[in-house]
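Predicted model only: the values in this text are computed from it and were never measured. In what follows, every heavy atom counts, from backbone to side chain, and hydrogens, waters and symmetry copies are set aside. So you know, we letter chains A, B, ... as the sequences are listed, proteins then strands, and number each from 1.
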Number of protein chains: 4
Amino acid sequence: MENEKLPRREREKLRQRQEMLSAALDLFSLKGYHNVSMNEVAEKAEFAIGTLYKFFQNKEDLYKALLLQLCDRFEEALTQAISEPDDEIEKLRNYVRVRLERFRANIKIVRLFLAERRGASFNIKAGLDEEIRKRHHIFLHKIASIFETGIGTRKFKRIADPFSLAVALDSTIDAFLLLWLDLPEHHSYPEDPDAILNIFFQGLIDS
Amino acid sequence: MENEKLPRREREKLRQRQEMLSAALDLFSLKGYHNVSMNEVAEKAEFAIGTLYKFFQNKEDLYKALLLQLCDRFEEALTQAISEPDDEIEKLRNYVRVRLERFRANIKIVRLFLAERRGASFNIKAGLDEEIRKRHHIFLHKIASIFETGIGTRKFKRIADPFSLAVALDSTIDAFLLLWLDLPEHHSYPEDPDAILNIFFQGLIDS
Amino acid sequence: MENEKLPRREREKLRQRQEMLSAALDLFSLKGYHNVSMNEVAEKAEFAIGTLYKFFQNKEDLYKALLLQLCDRFEEALTQAISEPDDEIEKLRNYVRVRLERFRANIKIVRLFLAERRGASFNIKAGLDEEIRKRHHIFLHKIASIFETGIGTRKFKRIADPFSLAVALDSTIDAFLLLWLDLPEHHSYPEDPDAILNIFFQGLIDS
Amino acid sequence: MENEKLPRREREKLRQRQEMLSAALDLFSLKGYHNVSMNEVAEKAEFAIGTLYKFFQNKEDLYKALLLQLCDRFEEALTQAISEPDDEIEKLRNYVRVRLERFRANIKIVRLFLAERRGASFNIKAGLDEEIRKRHHIFLHKIASIFETGIGTRKFKRIADPFSLAVALDSTIDAFLLLWLDLPEHHSYPEDPDAILNIFFQGLIDS
DNA sequence: GATGAATGAGGTTTCATTCAT
DNA sequence: AATGAATGAAACCTCATTCAT
C-alpha cells in the first residue's frame, strides 16, 4: 500500500522488516514478551540475529514497532467501519461486526493487545502502553460521538453520558470475545452483533 | 483473623510470610513479574534471599501464592456483598459498590489481576491464569443468577441471557475503573454505583 | 568397647555421635559427598542441624571422622585376620576371606573408601585421602611381610618383591569385588578365597 | 586427525572446543568435578562463560564430553597395542607398556578416570560412569581373549578363567601406577612391564 | 550489508554455617 | 544444651547486544 512507488531496494527492505514483525507477532502472542528471545525471533524470521538488530535497535523497539503497526491496522479498519453507514445504529452494528471479524482473523494479536491496553503488560519501560491506551481513548471518543449524535437526533435516549456508553460497549465486546477465547467449547462465538448491542439498546433506543 | 489462637512461633511465621507477599505485591504490581528479581523482593521485605526461599519454593510459587491469596480475599468480599441484601437490585448495587471500594483500596492488586484474568500474562507455566479465570467464571455465574432470579420475579426483563448480562456488567465495571486508573485527572472516580448500573437498568428494569 | 566406664552423659553423647555418623554413612555412600547436605544428615539422624554442628565443626570434619572410623574398624578386622593363623598361606586365605566378608556386610562403605583410597574423591581439601592412603600403605606392608616370611621359610618362591605381591593381591581383590558390585547378575560373588589366591599361588608356591 | 579437510570455520570451532575440554581436564583432575565452577573453566580456557555454554549445554554435558573423549583415545591406543604383535606374551607386554606410557603422559587423566571406573564419582546423574565401566568391561574381554588364545595354544596354563586373569592384571597395573602416583619418592616408576607380568607369568607360563 | 560467534551482566537457586532463643 | 530460622556467598545458566569477518 504505502510502498508502491519505492525503489526495489527499499521495497525489499520493507518486506524483510515485515517478515521480522510477523515472526515476532507469532512468538510474542504465543509465549509472551519475556519468554521469547531475540535469537528465536531471528531464527523464525530466517534472518541472522545481526540483521534483526539492523532493523530494530533493541528488543523493546521491535515490540513497540509491532504493537504500533497492529494498532494502525486495527484503527484503520474500525474507523472505516464507523464511517460508512449514515445511520448511528448501523454504525454501531458495523463497529461491533468489524471488531468480531478482526478478532477472529487475528486471534494472535488479541492477547498481545489486551496486555497493553489494560496496562497490565509491564513489558515496556517507557510508556508504550500509554500511547496505545491514548489511541484507544481517542477511538472511544469516536464511538462516543456516535452516541452523542444519536442522542441529538432523538434516536437514542440519554441513559448515560455518551463516553460512558462507549466504554461500556467496548469493554463488553472485549469480555465476550475473551470468554470465547478462553472457553471456546462452552461459549458460542458471538456471531451476531445484536446479541451484544441489545443489552444496551433495550434501554437506549427511544421507541 | 485465622491466626488468633496459634502459638507465637506460628503467628510470627505467618506475619513474615505476609510481609514477603506484601513486598512481592508491591513490586510485581509496579514492575511486572519478569522485571522483579527475587533479590529485590527479599530486600524490600527485609529478609535474606535464603529466607524468602524457605517460605516459597521458587519465584513462580511466590507469585502463585500471592495471586491466590488476593483472589481469596476478593471473592470473599464480593460474595458477602451479594449475599446480604434480599432485593436483586440492591445485590447488584452492593456488588458494584464493593468492586469500586476494593479497587480503590487495592489499586496495586488490580493490574496484577487483570494480567492474569485477561490471559495476557504468560508469567506462569502451568495454568495459574487458568485457575484464576475459572474462579472468575464461577463468580460470574453468581452474578448471572441474580439476574436470573430478578427475571423470574419479573423485576427484570429478559433483555439478554443472564450470563451475558453478568459478563457485560462485570467488564464494564473494569473498564470504568481502568479509565480512572489511567487518567485520574480526566475521569472522576465512579463513586456512584448507579452511574454504571443505569446503563443496563434503563433497558433492564421492568417498569 | 571404649566407652564402657564413661559417665552416663558421656556415653549418651557417644551414642548420639554414632547415630550422626551412621546417618552420614548412609547418605554419603548413597549419593556422594557433594550431593548430601548437612540438613539431610541432621534430619536422617533426627537431630537439629545445630546439634550436628556441635559434634562436628563442619561438613568436612564430619566426613573425615566418618572415614577414619570406618578405617579403624577395617584395619582392626584385617589385622586380626592375619594375626590368628600361624601358617602364611592360611594368613593370606584369612585375609582374603575377611575382605570378602567385610565387603558384603558393608557395601555402603566400599564406594566411599574406594573414592578415597584411589585418590579420586577430591572431596576433602586437606589430605584426608593422604592419611587414608598412608594407612592403607602401612597395611600393605603387613601383607608384604607375610610374603616375606613365606619366602624366608621357602614356602613361597620369590617371584616378585613382597610389597609388589601385596599390592597385586590387594588390588585384585578390589577388582573382583567391584566387578560383582557393578554387575552382580553377571559375576558370581567370589565366595572362595582360593579363586583369587590361585592366580598368584600357581607361580608362587614352591611345590 | 579428523579435522584435516574441514573448512576453516569448523576447524577453528574444533580447536576452541578442544581448548575448553583441555581447561576442564586440568581443573577437574586437579580439584574434582564439584569443586570446579563453570566460570573457572571458562576463565582458564580464556573464553566468556556464555561461549562455554554455546559448546556444552551444561556442566554435566561438558564433563561427559571430556570423559568420553579421553575414553576414546585410551581405548584406541590400547586396542592398537594388543593388535600389533602376534605372540600372546608380546601382546600382554605391549598392553602393559602402553598402559604405563599413557599413564605417565596423561597423569591428569588418570584420577578422573578412576573416579568413574570405580563407580565412586556420583558426579553424573545418568550413568556416564556406567557407560565408562561398560567400555572398560568390553576391553577386559579383549584382554581375556588373549589369555584364552594363549591357553588354547598351550602357551599358558589354565590357572584361572581368562576373564579373571584379565581383571587381575588390569587392576594390578592400576595399583602399581597409583602407588607411584601417590608416593613417587618411595616407589620407582614401573618402567619394565615384566615387573608386573612376572607375578602372573610365574604360575601362568607353561614351561 | 549481512552474519552469527562471542560476550558478560544479571537472573534464579542452593546450602554450609551461625546465633538468638 | 539443643534448636532451627536466618543468612548470603557462590553456583549454574540465559540472553540482549556487539562487532570482526
Touch class at under 4.0 angstrom, heavy-atom based, for B/K13 against every strand present: nothing

Residue mapping more 5' on DNA chain E - nearest nucleotide basis, B/I49 or A/N39: A/N39

Sugar-phosphate only, base, or nothing, as touched by C/V41 at under 4.0 Å among non-hydrogen atoms: nothing

Given F/dC12, F/dT7, E/dT12, the nucleotide with the shortest approach to the side chain of B/F47: F/dT7

Closest nucleotide among F/dT18, E/dA16, E/dT12 to the C/S37 side chain: E/dA16

B/Q16 atom CD, neighbour heavy-atom count above 12 within 6.0 Å: yes

Spacing between B/Q16 atom CD and F/dT7 atom C1', to the nearest angstrom: 13 Å

Touch class at under 4.0 angstrom, heavy-atom based, for C/T51 against every strand present: base

Gap between atoms NZ and C1', on D/K54 and F/dT14 respectively (whole Å): 9 Å

Length of the NZ-C1' vector between C/K31 and E/dT14, whole Å: 13 Å

Geometric class of the D/F55/D/F47 ring pair [parallel <30°, tilted 30-60°, perpendicular >60°]: tilted

Whether over 12 other heavy atoms sit under 6.0 Å from D/Q18 CD: yes

Electrostatic pair D/E40:D/K31 at N-O distance under 4.0 angstrom: yes

Separation of atom CZ in A/F55 from atom P in F/dT17, rounded to whole Å: 18 Å

Test: C/R15 and C/E12 ion pair at under 4.0 Å: yes

Between C1' of E/dA9 and CG of A/N58, the distance in whole Å: 16 Å

Interatomic distance where CG belongs to B/L52 and C1' belongs to E/dT14 [whole Å]: 13 Å

Protein-nucleotide distance (C/M20, atom CE; F/dA2, atom P), rounded to Å: 8 Å

Closest-nucleotide 5' rank along DNA chain E - winner of C/Y53 and D/A48: D/A48

Residue mapping more 5' on DNA chain F - nearest nucleotide basis, D/Q57 or C/E46: C/E46

Stems where DNA chain E pairs, listed by first number, each of three or more Watson-Crick or G-U pairs under 3.5 Å: E:2-21 with F:2-21

Rounded distance (Å) that lies between atom P of F/dT14 and atom NZ of B/K59: 16 Å

Ring geometry between A/Y63 and A/F28 (parallel below 30°, tilted from 30 to 60°, perpendicular above 60°): perpendicular

Exceeds 12 heavy-atom contacts within 6.0 angstrom, atom CD of C/Q57: no

First encountered from the 5' end of DNA chain F, between D/M38 and C/G50: C/G50

